[in-house]
Asker: 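My questions all concern the structure below.
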Amino acid sequence: MAMSRTKFDDLIASEIEKNRGKLIPVKAGVLERLFVRRVAVEKLHPNEEDEFCDPSIGPNYGIISQYRDSFLNQGEMKREGDSKEEPLMVEKVYPDGYLILNGHHRWIASLMAGRKKVPIYITNLTHEGDIQRMVSLSKHSRRATLDLDEVVFNENREGISERAPAFPFNKIFKERMRLGIPALLHFLSRHEYDVWVYTSKYYSMDYIEGYFKRYSVKVDGIVTGLGRKTGKDEKKRCEGIFPTIFKYRSAHKNNSP
């Protein structure tokens with residue numbers, strides 16, 4: 001199915017306008033997130049905060065054409081059983097469907113190729129309400145923050161890593177932690193620091209929590225998906241939560257008899 005650039009832009013604008021202010025992220029259950037699944041293309045919604053939907057940036061039409069041609073050449077039967085196809089990263093939303101986090105070009109190419117279903121992987125990202133809840137449960141006046149991507153995970157397996165979790169968890173949690181990180185986090189916790197970790201990638205919050213449990217480490221805060229754009233008002237509110245709460249607790253502690 002051919003689609004002109006104008007018609008293509010109109011489709012994106014129409015989808016964005018139809019769902020503006022109506023899609024609310026909801027937490028997906030463990031079984032929903034455990035496996036890659038295939039869903040109807042119509043269940044997928046473009047993310048208006050993504051560069052793909054920004055008129056000043058927009059999509060790469062060359063990439064879309066490559067994906068479309070690839071889908072058309074493969075044939076529907078082969079696609080249905082192709083486990084190697086990279087799934088779209090999505091977030092479950094109310095009242096229906098999934099918000100695209102990563103894979104907008106493949107989504108629109110699938111529409112153009114007339115595909116019925118596409119593979120998706122569902123994740124639960126951190127949102128403003130999650131941050132407020134985690135801060136309310138924190139116990140200390142000081143906070144230590146670590147970058148999962150740059151500090152905690154030994155992504156390139158350079159140097160020495162902690163031992164992988166025991167089977168079957170080593171099949172679920174494939175990231176390797178740098179040697180000494182669990183000891184460091186235990187030290188910080190013993191010295192009355194709240195430990196927070198953050199990542200720009202689209203990990204589920206509960207996945208990160210489960211990962212640290214395998215090393216007997218409890219983290220107080222988990223912030224995922226920092227690579228995505230966030231509404232200015234929400235980002236400002238989130239940034240203001242930490243200084244306020246930790247400043248108050250520090251002052252309260254220092255004034256205690």
Side-chain angles (χ1 to χ4, degrees), residues 25 27-28 30 33 49 89 91 101-102 121-166 169-231 234-254:
K27 301 301 183 185
V30 175
R33 295 181 291 98
E49 295 179 348
M89 190 71 70
E91 196 170 24
L101 299 172
N102 186 17
Y121 182 82
I122 306 171
T123 187
N124 291 336
L125 299 185
T126 308
H127 290 280
E128 180 182 354
D130 298 311
I131 294 177
Q132 291 176 335
R133 176 182 55 80
M134 289 183 289
V135 168
S136 70
L137 295 174
S138 63
K139 301 176 181 178
H140 306 119
S141 61
R142 295 180 293 182
R143 174 170 54 97
T145 307
L146 287 80
D147 186 334
L148 288 176
D149 309 320
E150 299 294 333
V151 177
V152 176
F153 291 155
N154 191 3
E155 188 170 341
N156 297 322
R157 307 293 171 92
E158 297 177 352
I160 305 175
S161 299
E162 294 285 338
R163 180 178 296 180
F169 297 107
N170 61 328
K171 301 299 182 181
I172 300 173
F173 303 103
K174 298 182 179 180
E175 294 79 10
R176 294 295 171 262
M177 189 182 294
R178 295 183 187 277
L179 184 66
I181 291 293
L184 170 63
L185 299 186
H186 282 299
F187 174 87
L188 291 170
S189 182
R190 288 198 306 270
H191 287 76
E192 300 186 343
Y193 279 86
D194 277 352
V195 176
W196 284 65
V197 295
Y198 67 93
T199 173
S200 63
K201 297 182 180 179
Y202 298 130
Y203 291 108
S204 284
M205 293 176 58
D206 25 16
Y207 177 89
I208 298 300
E209 182 180 15
Y211 177 88
F212 278 100
K213 282 183 177 179
R214 305 279 71 80
Y215 294 92
S216 300
V217 172
K218 179 184 179 299
V219 290
D220 302 285
I222 301 169
V223 182
T224 62
L226 286 176
R228 75 189 191 278
K229 288 187 175 181
T230 305
E234 181 182 357
K235 180 175 287 187
K236 187 175 181 179
R237 290 193 299 269
C238 289
E239 290 173 348
I241 291 173
F242 294 112
T244 301
I245 194 71
F246 283 98
K247 182 178 180 181
Y248 167 79
R249 287 182 180 158
S250 180
H252 181 74
K253 181 177 180 180
N254 291 336

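Atom set for the values below is all heavy atoms of this structure, side chains included, hydrogens, waters and symmetry mates excluded.
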Asker: Atom CG of Asn124 and atom OH of Tyr207: how far apart are they, to the nearest 0.5 Å?
Answerer: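 Answer for the CG-OH pair, Asn124 versus Tyr207, is 14.0 Å.
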Asker: Taking only residues two or more places apart in sequence, or in another chain, which ones meet Tyr198 in a side chain to side chain donor-acceptor pair (under 3.5 Å)?
Answerer: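 Partners of Tyr198 by the side chain to side chain donor-acceptor pair (under 3.5 Å) criterion come out as none, since no residue qualifies.
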Asker: Taking salt bridge (Lys or Arg N to Asp or Glu O under 4.0 Å) as the cut-off, I'd like each qualifying pair that reaches into residues 176-191, sequence neighbours left out, listed once.
Answerer: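 Of all non-adjacent pairs touching residues 176-191, none passes salt bridge (Lys or Arg N to Asp or Glu O under 4.0 Å).
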Asker: Tell me, please, which residues at least two apart from Phe169 pass ring-ring contact (aromatic ring centres under 6.0 Å, His included).
Answerer: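 ring-ring contact (aromatic ring centres under 6.0 Å, His included) check on Phe169 returns nothing, list empty.
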Asker: List for me each residue that meets side chain to side chain donor-acceptor pair (under 3.5 Å) alongside Asp130, sequence neighbours excluded, and say none if there are none.
Answerer: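 Listed in chain order: Lys27.
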Asker: Quick one: list whatever passes ring-ring contact (aromatic ring centres under 6.0 Å, His included) with Phe153, sequence neighbours left out.
Answerer: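 Listed in chain order: Tyr203, Tyr211.
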Asker: Taking only distance into account, with no hydrogens and no angle test, what donor-acceptor pairs under 3.5 Å do side-chain atoms of residues 159-166 form with protein atoms, sequence neighbours excluded?
Answerer:
| from | atom 1 | to | atom 2 | distance (Å) |
| --- | --- | --- | --- | --- |
| Ser161 | OG | Asn154 | ND2 | 2.8 |
| Glu162 | OE2 | Gly180 | N | 2.7 |

Asker: Mind checking what makes salt bridge (charged side-chain N to carboxylate O under 4.0 Å, His left out) contact with Glu155, not counting sequence neighbours?
Answerer: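 If we apply the salt bridge (charged side-chain N to carboxylate O under 4.0 Å, His left out) test to Glu155, skipping adjacent residues, the hits are Lys201.
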Asker: Could you list the residues that satisfy side chain to side chain contact (heavy atoms under 4.5 Å, CB included) with Thr123, not counting sequence neighbours?
Answerer: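 Thr123 satisfies side chain to side chain contact (heavy atoms under 4.5 Å, CB included) with Met89, Leu101, Leu125, Tyr202, Ser204 only.
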Asker: Who passes side chain to side chain donor-acceptor pair (under 3.5 Å) against Arg33, sequence neighbours left out?
Answerer: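 In terms of side chain to side chain donor-acceptor pair (under 3.5 Å), with neighbours along the sequence ignored, Arg33 is linked to Asp206.
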Asker: Restricting to pairs with a member in residues 212-222, which pass salt bridge (Lys or Arg N to Asp or Glu O under 4.0 Å), not counting sequence neighbours?
Answerer: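 Passing the test, one end in residues 212-222: Lys218-Asp220.
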Asker: Mind checking side chain to side chain donor-acceptor pair (under 3.5 Å) for Asp147 and listing every partner two or more places apart, or none if nothing turns up?
Answerer: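 Expected list: none.
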Asker: Is there side-chain contact between Val195 and Val217, with heavy atoms separated by less than 4.5 Å?
Answerer: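 The answer is no, as the side chains (C-beta and beyond) never meet within the 4.5 Å cut-off.
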Asker: Please round to the nearest 0.5 Å and tell me the distance separating atom CG of Leu185 and atom CZ of Phe212.
Answerer: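 Reported value, rounded in 0.5 Å steps: 6.0 Å.
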Asker: Taking atom OG1 of Thr145 and atom CG of Leu188, what is their separation to the nearest 0.5 Å?
Answerer: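 So the gap between those two atoms works out to 10.0 Å.
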Asker: Just by modelled atom types, is the Gly221 backbone N or O under 3.5 Å from a matching donor or acceptor in the Asp194 side chain?
Answerer: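 Checked: no pair found.
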Asker: Taking the side chain from Thr126 and the backbone from Thr224, do they hold a donor-acceptor pair closer than 3.5 Å?
Answerer: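 Side chain of Thr126 to backbone of Thr224: a pair is present.
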Asker: For the side chain of Ser189 and the backbone of His186, is there at least one donor-acceptor N/O pair under 3.5 Å apart?
Answerer: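 No; judged by distance alone, with no hydrogens or angles, the pair does not exist.
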